[in-house]
Amino acid sequence: MTQPGWGLLFLGLLAMAHGLPRGNDLLNVCMDAKHHKIQPGPEDDLHRQCSPWKKNACCTADTSIAAHEDASPLYRFNYNHCGMMSPACKRHFVQDTCLYECSPNLGPWIRPVFSSWRRERVLNVPLCKEDCNQWWEDCRTSYTCKENWSKGWNWTSGINKCPVEAACHPFPVYFPTPASLCENVWSHSYTASSFGRGSGKCIQMWFDPAQGNPNEAVAKYYAFASAPGIFSWGASFPFLALTLLLLLWG
């Protein structure tokens, strides 16, 4: 390779490294999605199950109210698609919605997505084992017709209904384990963590705001533990492509 070629390669590598997300860039952020605020901040009037985030939230009061409604205006999603979901089960889905809409501590797991209604999503958020286990336990007697609730519904009526070929069964038929529920129901938004609450290594859907938000420390742990290095795969792929082009050019 010629000397100018090596110079271009070095400059390209520096520019690429400069653009990589760093630990602090992943903290206290809101994803670019349908109802999220641009930046987190106080929201004194968050509704019921969303209230733990009122000191610092990515959701508004209106979003928090809608999160508690059946077939809410947020996404027109009907949890009663196979008969009435038990209140014990539904409270977990409400809490899941509150976490998704309100938490500013999901930065390490935000990923770009090509969608008509959002530009970012979360992927593989490590959900504490107690939260995942209790979610599954409280939903065992409720019914559903699908294991992936992110796609494949019949939306012709304006709300989601089961596809014609999908039969309603108790949750354990589609979700035989707690991990299968937490990981599959929203296309791997969560991963079932082996860590428990208080470990500092898993995200809690449920927490007592009087004791502070434990997810702040968890986000910080993963932001710095998983911040991409310059030779991680995500960084090295464009580096290798640039190298190949310069080799061909030189």
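In this text the structure is predicted, and so the values were computed from the model without any measurement.
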Give every donor-acceptor pair under 3.5 Å between a side-chain atom in residues 130-137 and any protein atom, sequence neighbours left out.
| from | atom 1 | to | atom 2 | distance (Å) |
| --- | --- | --- | --- | --- |
| Glu130 | OE1 | Arg197 | N | 3.0 |
| Glu130 | OE2 | Arg197 | N | 3.3 |
| Asp131 | OD1 | Arg197 | NE | 2.5 |
| Asp131 | OD1 | Arg197 | NH2 | 2.7 |
| Asp131 | OD2 | Met205 | N | 2.6 |
| Asp131 | OD2 | Trp206 | N | 3.2 |
| Asn133 | ND2 | Lys129 | O | 3.3 |
| Gln134 | NE2 | Asp138 | OD1 | 2.9 |
| Gln134 | NE2 | Asp138 | OD2 | 3.4 |
| Trp136 | NE1 | Phe175 | O | 2.7 |

Only distances under 3.5 Å count here; give the side-chain donor-acceptor pairs of residues 161-171 to other protein atoms, sequence neighbours excluded, each with its distance to 0.1 Å.
none

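Considering CE of Met85 and CZ of Arg91, their distance stands at 13.5 Å, rounded to 0.5 Å. Rounding to the nearest 0.5 Å places CD1 of Ile110 at 11.5 Å from CG of Asp25. To the nearest 0.5 Å, atom CD of residue Glu216 and atom CG of residue Asn28 are 7.5 Å apart. Leu46 contributes atom CG, which lies 11.5 Å from atom CD of Glu101 (distance to the nearest 0.5 angstrom). Within the model, atoms CZ of Arg76 and CD1 of Ile159 stand 7.0 Å from one another, a figure rounded to the nearest 0.5 Å.
A 4.5 Å side-chain heavy-atom check between His81 and Cys145 finds at least one atom pair inside the cut-off. Between Glu43 and Lys37 the shortest side-chain heavy-atom distance falls below 4.5 Å. Looking at heavy atoms from C-beta onward, Ile203 lies in side-chain contact with Leu99 at the 4.5 angstrom threshold. In this structure, Asn148 and Asn184 have side chains that are not in contact, with every pair of non-hydrogen atoms separated by 4.5 Å or more. Side-chain contact check for Glu120 versus Arg111: every heavy-atom pair is 4.5 Å or farther apart. Under the 4.5 Å side-chain criterion, counting only non-hydrogen atoms from C-beta, Trp155 is in contact with Asn160. Looking at Asp62 and His35, their side chains never come closer than 4.5 Å, going by heavy atoms from C-beta outward. Side-chain contact between Asn24 and Phe224 is present, with heavy atoms from C-beta onward closer than 4.5 Å.
When all heavy atoms of Arg118 and Lys34 are compared, the pair lying nearest together is CB-N, 4.2 Å. For the residue pair Trp109 and Ala219, the shortest heavy atom distance occurs at CH2-CA, 4.3 Å. Of all non-hydrogen atoms in Pro214 and Gly212, the two that sit nearest each other are CD-O, 3.3 Å. For Val29 against Gly107, the heavy-atom pair with the smallest separation is CG2-CA, 3.7 Å. What you find for Gln204 and Cys128 is that their closest heavy atoms are CG-SG, 3.6 Å. Closest approach of Asp45 to Ala61, counting heavy atoms only: O-CB, 3.7 Å.
In this structure, His68 and His47 have perpendicular ring planes: the angle between them is above 60°, well past the 30° mark.
At least one donor-acceptor pair under 3.5 Å links the side chain of Ser51 to the backbone N or O of Arg48. Between the Tyr222 side chain and the Lys201 main chain, a donor and an acceptor come within less than 3.5 Å of each other.
When only modelled atom types and interatomic distance are considered, Asn213 and Asn105 share a side-chain donor-acceptor pair under 3.5 Å. Neither side chain, Ser64 nor Trp53, offers a donor N or O lying under 3.5 Å from an acceptor on the other. No hydrogens or angles considered: a donor-acceptor pair under 3.5 Å links the side chains of Asp96 and Trp186. Inspection of the Thr156 and Asn154 side chains reveals an N or O donor paired with an N or O acceptor under 3.5 Å.
A disulfide bridge does not connect Cys58 to Cys102: their SG atoms sit 2.5 Å or farther from one another. Of the two cysteines examined, Cys139 and Cys89, the SG atoms meet the criterion of being under 2.5 Å apart. Between Cys59 and Cys98, the sulfur-to-sulfur (SG-SG) separation does not fall under 2.5 Å.
Tracing side-chain contacts under 4.5 Å through hydrophobic residues (I, L, V, M, F, W, Y), one reaches Tyr221 starting from Phe207; they form part of the same cluster. Val94 and Leu74 sit in two unconnected hydrophobic clusters of ILVMFWY residues. Membership requires side-chain heavy atoms under 4.5 Å apart, directly or through other members. Under the 4.5 Å side-chain heavy-atom criterion for Ile, Leu, Val, Met, Phe, Trp and Tyr, Met31 and Val113 are members of distinct hydrophobic clusters. Hydrophobic clustering keeps Ile65 apart from Tyr75 (ILVMFWY residues linked when any side-chain heavy atoms are closer than 4.5 Å, directly or through intermediates). Taking hydrophobic clusters as Ile, Leu, Val, Met, Phe, Trp and Tyr residues chained together by side-chain heavy-atom distances below 4.5 Å, Leu106 does not share a cluster with Leu123.
Summarising the local packing, NZ of Lys220 is surrounded by 12 or fewer heavy atoms from other residues, nucleotides or ligands at distances under 6.0 Å. Counting heavy-atom neighbours within 6.0 Å of Lys90 NZ, excluding the residue itself, gives a total above 12.
Among the candidates Ser150, Ser115, Ser189, the single residue satisfying the side-chain hydrogen bond (donor to acceptor under 3.5 Å, both in side chains) test with Arg121 is Ser189.
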Audit row: Phe77, Phe93, side chain to side chain contact (heavy atoms under 4.5 Å, CB included) steps and yes/no: CA-CA 11 Å; Phe77 194 89; Phe93 284 98; over 6 Å; no
